[in-house]
Participant: 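Once you've had a glance at the structure underneath, I'll fire off some questions.
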Protein chains: 2
Amino acid sequence: MAPMTRWLDADEQRTWRNFVAATQHVYGALDRQLQRDAGMPHTYYMILVTLSETPGRRMRMSELAGRAQCSQSRLSHAVARLEERGWVRREPCPDDRRGSFAVLTEAGFDALAAAAPGHVEEVRRSLFDVLSPEQVRALNEICAAVRNTLER
Amino acid sequence: MAPMTRWLDADEQRTWRNFVAATQHVYGALDRQLQRDAGMPHTYYMILVTLSETPGRRMRMSELAGRAQCSQSRLSHAVARLEERGWVRREPCPDDRRGSFAVLTEAGFDALAAAAPGHVEEVRRSLFDVLSPEQVRALNEICAAVRNTLER
DNA sequence: GCCAAGTATATGAGCGTTCAACTAAAATGG
DNA sequence: CCATTTTAGTTGAACGCTCATATACTTGGC
């Protein structure tokens, strides 16, 4: 198959390990904060945010999955849980009877509003506060480059 | 508590969302590759690598947890699974009878050796190949900065 | 030496995620 | 129109992770 592995050199290895450590640190801090203070994982937060930003606070499941960056299955399970909490409800789609909308409820919006300040603080604390403005710019371009890989 | 939230401005929000998308993309690709081709999650891979690099291929559980960046509980569960597969075994620590060593077996080393090329290829494909050398350098510094946050 | 406090690790329940079916409804195209 | 393929979404089992708790040993004061 692969004729010869392009191993990582010492610098690349250091970079990769720093990447793993850094990202896990950020996500760890984030998840702990959200779970502790708002009782939800980051995935749920992203789903609620995505819904809250769309007109009518409603979105088709598949589009929601795309925008909130999660698989359809994950979304389906997540929305089921969010429904149990009364934060989201499903509505059938009139145009396409296979489809359904996820709709953010008032209670869901309130839960999001309550969670947001702590979450944003944590994002700052764990990421932006430790970087210089140039680093933030560089990070943005790096992430955009990585992100574009899949969107082609 | 927090008197006034330091919300993210438009640029920061874009950066944050790119960060989430990019990191999830990288980890997603990585986990899928490892699971598909080597039947293990990234956590297990890191544990095996860490053990393989230490003299005697053995390490105390708590040190292993630190170096492989995972919680003690996670490590304990993971090592239990790795033991079932015959990739790692536990040995009691003579100096401290509470403690134990995790030891990489031959089979474990072989499994790691078989998994490594595909994994490294995937790391390149999803991260290094899409970045310029300058971006890689910048990423390293950014991640080092984030990482140092907790090690103080 | 003894008791309290701390340390090293294990364990189990609960939960989220993945993967592989599965259902049902649209689109496609003869 | 009917048959095939595609698309939208759900479901359940398997599994890893987190959190709280438990166990067993060690250490530090007295």
Side-chain angles (χ1 to χ4, degrees), chain A residues 23-25 27-48 58-85 87-103, chain B residues 23-25 27-48 58-85 87-103:
Chain A
T23 51
Q24 298 208 59
H25 171 224
Y27 280 116
L30 226 69
D31 271 330
R32 267 188 303 278
Q33 186 278 322
L34 270 177
Q35 197 63 54
R36 173 168 38 81
D37 298 345
M40 64 175 108
H42 187 223
T43 304
Y44 292 12
Y45 185 88
M46 300 233 303
I47 292 168
L48 297 184
R58 63 175 50 242
M59 205 180 275
R60 286 288 293 271
M61 290 295 282
S62 31
E63 197 187 346
L64 182 52
R67 299 216 192 217
Q69 341 242 25
C70 63
S71 71
Q72 294 220 127
S73 171
R74 187 161 152 187
L75 178 66
S76 197
H77 285 294
V79 167
R81 301 297 189 151
L82 291 169
E83 243 182 330
E84 285 169 14
R85 302 189 188 187
W87 289 353
V88 169
R89 71 172 181 283
R90 281 184 236 238
E91 282 181 10
C93 174
D95 306 351
D96 183 341
R97 270 181 304 177
R98 293 169 301 182
S100 54
F101 284 98
V103 188
Chain B
T23 50
Q24 298 209 71
H25 171 225
Y27 280 117
L30 225 69
D31 271 330
R32 267 189 303 277
Q33 185 279 323
L34 271 176
Q35 198 64 54
R36 173 168 38 81
D37 298 345
M40 64 176 110
H42 187 224
T43 304
Y44 291 13
Y45 185 88
M46 299 232 305
I47 291 169
L48 297 183
R58 62 175 50 244
M59 206 180 274
R60 286 289 294 272
M61 291 295 283
S62 30
E63 196 186 345
L64 182 51
R67 300 215 192 216
Q69 342 241 24
C70 63
S71 71
Q72 298 218 127
S73 172
R74 186 161 152 188
L75 179 66
S76 198
H77 285 293
V79 168
R81 301 295 188 154
L82 291 170
E83 242 181 329
E84 286 169 14
R85 302 188 189 189
W87 290 352
V88 168
R89 70 171 182 283
R90 282 184 236 239
E91 283 181 9
C93 174
D95 305 351
D96 184 340
R97 271 181 304 179
R98 293 169 301 182
S100 53
F101 283 98
V103 187

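Scope of the values below: all heavy atoms of this structure, side chains included, with no hydrogens, waters or symmetry mates. Each chain gets a letter, A, B and so on, in the order its sequence line appears, and its residues count up from 1.
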Participant: Compare side-chain N and O positions of Thr43(B) against OP1 and OP2 of dC17(D) and report whether any pair is under 4.0 Å apart.
Facilitator: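 Yes, Thr43(B) has a side-chain N/O under 4.0 Å of OP1/OP2 on dC17(D).
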Participant: I need the CD-C1' distance between Gln33(A) and dT18(D), as an integer number of Å.
Facilitator: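 About 16 Å, once rounded to whole Å.
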Participant: Atom CG of Asp95(A) and atom P of dA8(D): how far apart are they, to the nearest Å?
Facilitator: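 Those two atoms, CG and P, are 13 Å apart.
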Participant: Please list, chain by chain and in numerical order, all residues satisfying ring pair (Phe, Tyr, Trp, His ring centres under 6.0 Å) with Tyr45(B), sequence neighbours excluded.
Facilitator: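 Testing Tyr45(B) for ring pair (Phe, Tyr, Trp, His ring centres under 6.0 Å), a comparison that skips the adjacent residues, returns His119(B).
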Participant: With respect to the side chain of Ser76(A), which nucleotide from dT10(D), dG9(D), dT26(D) is positioned closest?
Facilitator: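 Nucleotide nearest to Ser76(A)'s side chain: dT10(D).
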Participant: Which nucleotide wins on minimum distance to the side chain of Arg98(A), given the candidates dT9(C), dA25(C), dT10(D)?
Facilitator: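 Looking only at heavy atoms from C-beta outward on Arg98(A), the closest nucleotide is dA25(C).
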Participant: State whether the number of non-hydrogen atoms from other residues, nucleotides or ligands found under 6.0 Å of Arg67(B) atom CZ is greater than 12.
Facilitator: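 No.
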Participant: Restricting both atoms to N or O, compile the protein contacts to nucleotides 19-22 of chain D shorter than 3.5 Å, with distance only.
Facilitator:
{"from": "dC19(D)", "atom 1": "N4", "to": "Ser73(B)", "atom 2": "OG", "distance (Å)": "2.6"}

Participant: Would you mind reading off the distance between Arg81(A) atom CZ and dT11(D) atom P, rounded to a whole angstrom?
Facilitator: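 The distance from CZ of Arg81(A) to P of dT11(D) comes to 12 Å, rounded to the nearest Å.
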Participant: Rounded to whole angstrom units, what separation is found between the CE atom of Met61(B) and the P atom of dA8(C)?
Facilitator: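 Distance check: Met61(B) CE to dA8(C) P gives 13 Å.
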Participant: The side chain of Asp96(A) is closest to which nucleotide in this list: dG9(D), dA10(C), dA25(C)?
Facilitator: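 Of dG9(D), dA10(C), dA25(C), dA25(C) is nearest to the side chain of Asp96(A).
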Participant: Can you list the residues that meet the salt bridge (charged side-chain N to carboxylate O under 4.0 Å, His left out) rule with Glu91(A), with sequence neighbours excluded?
Facilitator: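 Testing Glu91(A) for salt bridge (charged side-chain N to carboxylate O under 4.0 Å, His left out), a comparison that skips the adjacent residues, returns Arg58(A), Arg89(A).
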Participant: Check the distance between dT11(D)'s P and Glu83(A)'s CD and give it to me in whole angstrom.
Facilitator: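 Result: 10 Å.
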Participant: Does OP1 or OP2 of dG9(D) have a side-chain N or O of Ser62(A) closer than 4.0 Å?
Facilitator: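 So the side-chain polar atoms of Ser62(A) do come within 4.0 Å of the phosphate oxygens OP1 or OP2 of dG9(D), strictly under.
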Participant: Flag yes if more than 12 heavy atoms outside Arg97(A) fall under 6.0 Å of its CZ atom; otherwise flag no.
Facilitator: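 At most 12 heavy atoms, drawn from other residues, nucleotides or ligands, come within 6.0 Å of this atom.
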Participant: Side chain of Tyr44(B): nearest nucleotide among dG9(D), dT7(D), dG16(D)?
Facilitator: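 Looking only at side-chain atoms, Tyr44(B) lies closest to dG16(D).
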Participant: Can you check whether Ser71(B) has a side-chain N or O nearer than 4.0 Å to OP1 or OP2 of dT18(D)?
Facilitator: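 Indeed, a polar side-chain atom of Ser71(B) lies that close.
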Participant: Measuring to OP1 and OP2 of dA8(D), would you say a side-chain N or O of Arg60(A) lies under 4.0 angstrom away?
Facilitator: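 Answer no for this pair, as no side-chain N or O of Arg60(A) is under 4.0 Å from OP1 or OP2.
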Participant: Taking the side chain as C-beta and beyond, is there a heavy-atom pair between Arg60(B) and Cys93(B) under 4.5 Å?
Facilitator: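 They are in side-chain contact.
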Participant: When the distance from CD1 of Ile47(A) to P of dG16(C) is rounded to whole Å, what number comes out?
Facilitator: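 It is 11 Å, rounded to the nearest whole Å.
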Participant: How about Phe101(A) and Met59(A): do any of their side-chain heavy atoms sit closer than 4.5 Å?
Facilitator: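 Phe101(A) does not reach Met59(A) side chain to side chain.
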Participant: Does a side-chain N or O of Arg97(A) approach OP1 or OP2 of dA24(C) to a distance below 4.0 Å, or not?
Facilitator: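 For dA24(C), OP1/OP2 do not have a side-chain N/O of Arg97(A) under 4.0 Å.
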Participant: Between dA10(C), dT9(C), dT10(D), which nucleotide has the shortest distance from any of its atoms to the side chain of Arg90(B)?
Facilitator: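 Nearest listed nucleotide: dA10(C).
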Participant: Which heavy atom of Arg74(B) sits nearest to which heavy atom of Thr43(B), and what is that distance?
Facilitator: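 It is NH2-OG1, 3.4 Å.
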